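Notes for the one structure printed next.
Model, not experiment: these values are computed from the prediction.
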Amino acid sequence: MQVKINGVEMELEAHSTVEDAIKLSNAPYVSGSAISLIEGRQELESHVNKYKIITSKGSIIIELTDDSNEITNFWKNNYKEFASTLIRWTTSNEVSMGAVVSNLEPTHDEYLYNRWDVILSLSGFSKEATHIIFSKSKHRSVYGVPAENKGVFATVVGGKRTIVNLKNTDTILGIEPVIERKSVVKTAAISDLSTEMHEGNELFTYIEVEANPEAPVSFEHFLRIIEDGTLSVDYESETFVGNYQLKGLEKDSEIIDKRNRGCVTLRNQGAGVGNVYIYRENRVSSPAHNILGYVTQGLQLLDTVEENDKITVLTKPERISTVAMTQSEAEEYLTTLGIKHTRDGLTDDDAIVVAQNPLYTVDIKNNKEVSTLGVPKEDFVEIELYEDESPRSIWYFRKITGLLDGDVGHLRVDMALKEMDIIMFTAVNKEAKGLIPEKLPDGIVHAWDICVSNTACKHVGNIGIRFVDNTEFGPTGESFTSTNVIGRVISGKENFKSFKEGDTVYVREK
């Protein structure tokens, strides 16, 4: 049987399942992600009510009337025949496109037409001269239309300026259905990997997002969210799906434009700053939304996902990051990408990369050159964070260290009390608000626990680590009721005793 997998035609054996199709086609798919199974192109197009008419002067969008009648059915079955036709004539009242042959019967009556009506006309009362008329003004005319609805089957909803500018020397370059979410939803089957596929089915397993070259910072924010190859759907509506994973992480305004269907945006201000949205329907531009990219594949999947689903995502370009690699690993990685590499800072092969320039994937892709900043392994520690047990404190820790949107974070040593086997790092007061008690010590703070002081004490947001167990106080000098345990040091413990006030400690999550 003939099916399509992510838009590519493929032959499958009868009774093949969705899982079989994914494996045989090697389609991009992360286990547990949502899929979309469309019954078939013909079935999908039967629910379409908008069409794009592409002319030599630009595009026109028409929307069919709600009534299913002889004229609308004729258009749905024969619109392709009007492609490659001509603009036959233009007047102050109308523009004519055609002609094709129909089996419709004309009337001889005069009717009143409104501006932007789209009319099926049998010119000269001849079936061989079936035209499409775009009404430019309110007027009366005899067009030899079929009896139903005065021949009106659609309304112009886009490209009105194009109609006004058309001349009888212009041509029709193509006509295509405008696939909207409601059309996809009507034809999408409820399915999982065990669902059996049938002749004409279309399967979508992923979306592809292409970067907006004018929004490198926002696109990098998006790349961080989909680090595991998926996007979680935290909210969905008729208009958009939203991901709130990095809500609260501010980014500057970049490129502002119309939020068209398939557009991916980052909210740069106000409530929901840091959220990412992918649009199912067109919306006007907003100064609060950076346009970070565009969905170039898999909009049908986007149309059918629900809240709490996750979507497999590919990007163009893929993320380029050398941070947390050694200098030698970075050089090998960049060489495979055809990118020139320059070493800065500590240039030894085993030095750890803590920063790269340019920082953002889009800029690297354009420049084809990266410099990497290396530091000694002794400045570098690996940690594990207890995300489920201390979520607010971990958000705070990741934000002030840079781990929210980076592979390596950094902390500035505030106090190194060697005689007490304690090291402390400075709070960021602006970000420390709302650090309620979370995971508290159970009678003991273990050596190498990472702790944050909570709102039960005055100095909220301080971060500290003890090098030995203690059954009285947390490493920030607070009682256990004021101490949230957020994680532990995994490696690099031997480095801590050499750190002093003002030093930078680089951290990486396990």
Side-chain angles (χ1 to χ4, degrees), residues 1-51 64 68 72-73 76-77 79-80 176-210 226 228-243 261-262 264 278-281 295-316:
M1 61 181 173
Q2 198 77 17
V3 298
K4 282 188 176 181
I5 315 295
N6 296 311
V8 178
E9 290 193 2
M10 183 177 177
E11 187 74 29
L12 289 181
E13 293 182 3
H15 308 298
S16 293
T17 64
V18 167
E19 185 174 16
D20 296 332
I22 292 173
K23 288 179 179 177
L24 289 171
S25 64
N26 199 28
Y29 180 73
V30 176
S31 178
S33 297
I35 57 173
S36 181
L37 185 62
I38 308 298
E39 292 182 9
R41 174 58 56 171
Q42 186 172 355
E43 174 69 12
L44 177 61
E45 289 192 11
S46 71
H47 293 284
V48 167
N49 71 342
K50 286 184 182 178
Y51 292 81
L64 303 185
S68 178
T72 56
N73 290 336
K76 286 187 174 184
N77 293 327
Y79 72 86
K80 293 179 182 178
E176 56 191 44
V178 177
I179 306 298
E180 296 183 294
R181 180 175 182 248
K182 58 187 176 183
S183 302
V184 175
V185 170
K186 286 178 181 178
T187 57
I190 297 173
S191 56
D192 55 31
L193 297 187
S194 64
T195 302
E196 188 173 306
M197 297 189 67
H198 302 285
E199 181 74 30
N201 281 177
E202 295 191 42
L203 175 65
F204 298 90
T205 65
Y206 75 102
I207 67 170
E208 181 179 77
V209 175
E210 186 170 341
I226 62 161
D228 68 349
T230 68
L231 179 79
S232 297
V233 178
D234 298 323
Y235 179 83
E236 68 98 12
S237 69
E238 288 294 322
T239 305
F240 62 84
V241 301
N243 175 277
R261 174 171 161 82
V264 189
I278 309 181
Y279 282 83
R280 290 167 160 172
E281 296 180 354
V295 176
T296 54
Q297 164 69 34
L299 265 175
Q300 295 87 341
L301 173 57
L302 183 74
D303 286 333
T304 58
V305 293
E306 299 178 346
E307 192 169 313
N308 299 320
D309 281 346
K310 65 178 182 178
I311 311 170
T312 299
V313 184
L314 299 183
T315 61
K316 285 186 176 180

Task: Considering all heavy atoms, the nearest F204-E202 contact - done: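 Looking at all heavy atoms of both residues, the closest pair is CZ-OE1, 3.7 Å.
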State whether the side chain of [X] and the backbone N or O of [Y] hold a donor-acceptor pair below 3.5 Å, judged by distance alone.
X: N6; Y: T205; result: yes
X: E11; Y: M1; result: yes
X: S237; Y: T239; result: yes
X: S25; Y: A21; result: yes
X: R280; Y: V241; result: no

Open item on the list: Run the salt bridge (charged side-chain N to carboxylate O under 4.0 Å, His left out) test against E307 and tell me which residues pass, sequence neighbours left out.
Closed with: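 With sequence neighbours excluded, E307 shows a salt bridge (charged side-chain N to carboxylate O under 4.0 Å, His left out) to no residue whatsoever.
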Open item on the list: So, using side chain to side chain contact (heavy atoms under 4.5 Å, CB included) as the criterion, who are the partners of E13 when residues are at least two apart?
Closed with: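 Partners of E13 under the side chain to side chain contact (heavy atoms under 4.5 Å, CB included) test: S16.
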Task: Interatomic spacing from NZ in K4 to CG in L203 - rounded to 0.5 Å - done: 13.0 Å
TODO: Any chance you could measure L37, atom CG, to L301, atom CG, to the nearest 0.5 Å?
DONE: 11.5 Å
- [ ] For Y206, enumerate each residue passing the ring-ring contact (aromatic ring centres under 6.0 Å, His included) test, keeping only those at least two apart in sequence or located in another chain.
- [x] none
Open item on the list: Assess, by modelled atom type and distance only, whether the side chains of D192 and S194 contain a donor and an acceptor separated by less than 3.5 Å.
Closed with: yes
